[in-house]
Amino acid sequence: MMLRLVVCLALTYVCAALNANCPVHLVKNEYLQQYGSSCYEFVLDQADTWHYAQATCRAKGGHLVDIHTYGEEGFIYNACQSLGFHGDKGVWIGLTDEVTEGIWEWTSGKPVTFNSWASGQPGMLSGSEDCALLQYSEHGNWHDYPCDGNFLFGKESHGWICEYEIA
């Protein structure tokens, strides 16, 4: 019993250290982590469309994650791995070309100064794949997917990562 209490307290301390500066309205657990001047909420146990994910992030005062450096991408990939996210899965990120086909923009409005597209991406289904997915099985490289998850061969839903600025 005492060992279990010590482990629980240790995990609480580690989680608090990972997200101590994150906005107070967010649940403080291992799925909320700080990197640089942002907090990242990893929604890996729920799957939905890109639009639903973006709306959920916005409702909490954030946006789907922007990725601006290899370091940030590495942090996100490693966090997904440490949280048990693996296999042929991906998570929605805040990159889209819905407004103008072929012009990729971050939903935060920040300029796109970095990309990590997988080989052959963005794909060839012009006009129907407007939202970006960080593909875990491809070491964090990005793929473009239909925002609603509808493919010719079925429907896919994905988890997502919200990003919140630290005030």
Side-chain angles (χ1 to χ4, degrees), residues 22-23 26-27 31-166:
C22 294
L26 299 173
V27 176
Y31 294 97
L32 182 66
Q33 297 184 21
Q34 180 181 336
Y35 177 82
S37 61
S38 294
C39 287
Y40 301 82
E41 181 181 25
F42 294 83
V43 183
L44 306 177
D45 61 345
Q46 184 176 348
D48 216 305
T49 67
W50 185 91
H51 290 289
Y52 179 86
Q54 174 66 358
T56 300
C57 295
R58 289 271 187 224
K60 294 180 182 181
H63 53 82
L64 280 172
V65 67
D66 298 354
I67 302 171
H68 297 280
T69 66
Y70 284 110
E72 185 177 21
E73 184 178 49
F75 159 76
I76 290 168
Y77 181 81
N78 290 330
C80 286
Q81 184 176 32
S82 72
L83 293 168
F85 193 71
H86 53 77
D88 187 26
K89 297 181 181 178
V91 290
W92 293 121
I93 61 175
L95 194 61
T96 181
D97 73 342
E98 276 190 311
V99 174
T100 305
E101 183 64 28
I103 306 297
W104 290 87
E105 301 174 306
W106 292 116
T107 58
S108 68
K110 291 181 181 175
V112 178
T113 57
F114 169 84
N115 76 69
S116 188
W117 292 111
S119 179
Q121 297 293 322
M124 301 305 285
L125 297 177
S126 182
S128 65
E129 296 181 322
D130 293 324
C131 294
L133 189 77
L134 182 145
Q135 193 75 37
Y136 184 83
S137 62
E138 293 211 20
H139 309 290
N141 287 324
W142 308 346
H143 285 250
D144 59 333
Y145 274 74
C147 302
D148 60 7
N150 287 325
F151 282 95
L152 296 173
F153 51 85
K155 184 172 176 90
E156 288 187 17
S157 296
H158 301 280
W160 61 89
I161 303 166
C162 297
E163 182 175 0
Y164 307 92
E165 302 301 320
I166 296 175

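Values below: all heavy atoms of this structure, side chains included; hydrogens, waters and symmetry mates excluded.
- To the nearest 0.5 Å, atoms CD (Glu98) and CG (Asp130) are separated by 5.5 Å.
- Glu41 is linked by a salt bridge (charged side-chain N to carboxylate O under 4.0 Å, His left out) to Lys60, counting only residues two or more places apart in sequence or in another chain.
- Among His158, Gln135, Gln121, the one residue that satisfies the side-chain hydrogen bond (donor to acceptor under 3.5 Å, both in side chains) test with Tyr145 is Gln135.
- For the atom pair Thr107 OG1 and Glu105 CD, the distance stands at 10.0 Å (nearest 0.5 Å).
- In summary, the aromatic rings of Trp117 and Trp104 are positioned with their centroids under 6.0 Å apart.
- Atom CG of Leu95 sits about 9.0 Å away from atom SG of Cys131, to the nearest 0.5 Å.
- Of the inter-residue distances, the one linking Ser116 atom OG with Glu72 atom CD reads 11.5 Å to the nearest 0.5 angstrom.
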### Message
For a side chain to side chain contact (heavy atoms under 4.5 Å, CB included) check, start with the C-alpha distance between Trp92 and Val43, then their side-chain angles and the critical distance, and finish with the verdict.
### Response
CA-CA 10 Å; Trp92 293 121; Val43 183; over 6 Å; no
### Task
Assess whether side chain to side chain contact (heavy atoms under 4.5 Å, CB included) is satisfied between Ile67 and Leu134, documenting all intermediate values.
CA-CA 10 Å; Ile67 302 171; Leu134 182 145; 3.8 Å; yes
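- The two residues Gly140 and Glu73 make their nearest non-hydrogen contact at O-OE2, 2.9 Å.
- Relative ring orientation between Phe75 and Tyr35 is described as parallel, the plane-to-plane angle staying below 30° on a 0-90° scale split at 30° and 60°.
- Residues Cys57 and Trp160 have side chains in contact (heavy-atom distance under 4.5 Å, counting atoms from C-beta outward).
- Side-chain rings of Phe114 and Tyr70 approach one another, their centers coming within less than 6.0 Å.
- Side-chain contact annotation: Asp148 with Thr49, donor-acceptor N/O pair under 3.5 Å absent.
- Taking the six-membered ring wherever Trp is involved, the centroid distance between the rings of Trp106 and His68 falls below 6.0 Å.
- Proximity of Trp142 to Leu133: side-chain heavy atoms (C-beta onward) are nowhere separated by under 4.5 Å.
- Between Phe42 and the choices Leu32, Ile76, Val91, the side-chain contact (heavy atoms from CB on, under 4.5 Å) rule is met once, by Ile76.
- Taking the six-membered ring for Trp and thresholds of 30 and 60 degrees, Tyr77 and Tyr136 have nearly parallel ring planes, at less than 30 degrees apart.
- The closest side-chain donor-acceptor pair between Glu138 and His143 falls under 3.5 angstrom.
- Rounding to the nearest 0.5 Å places CG of Asp66 at 9.5 Å from OG1 of Thr113.
- Annotation: side chain of Gln46 is not in contact with side chain of Thr56 (no heavy-atom distance under 4.5 Å).
- Minimum heavy-atom separation, Ala53 to Leu64: CB-CD2, 3.9 Å.
- Under the disulfide bond (SG atoms under 2.5 Å apart) criterion, Cys80 pairs with no residue, sequence neighbours left out.
- The nearest pair of heavy atoms linking Arg58 to Ser108 is NH2-N, 4.3 Å.
- Annotation: the span from Ile161 atom CD1 to Ile93 atom CD1 amounts to 8.5 Å, rounded to 0.5 Å.
- Side-chain atoms of Glu129 never come within 3.5 Å of backbone atoms of Pro146 as a donor-acceptor pair (strictly under, hydrogens ignored).
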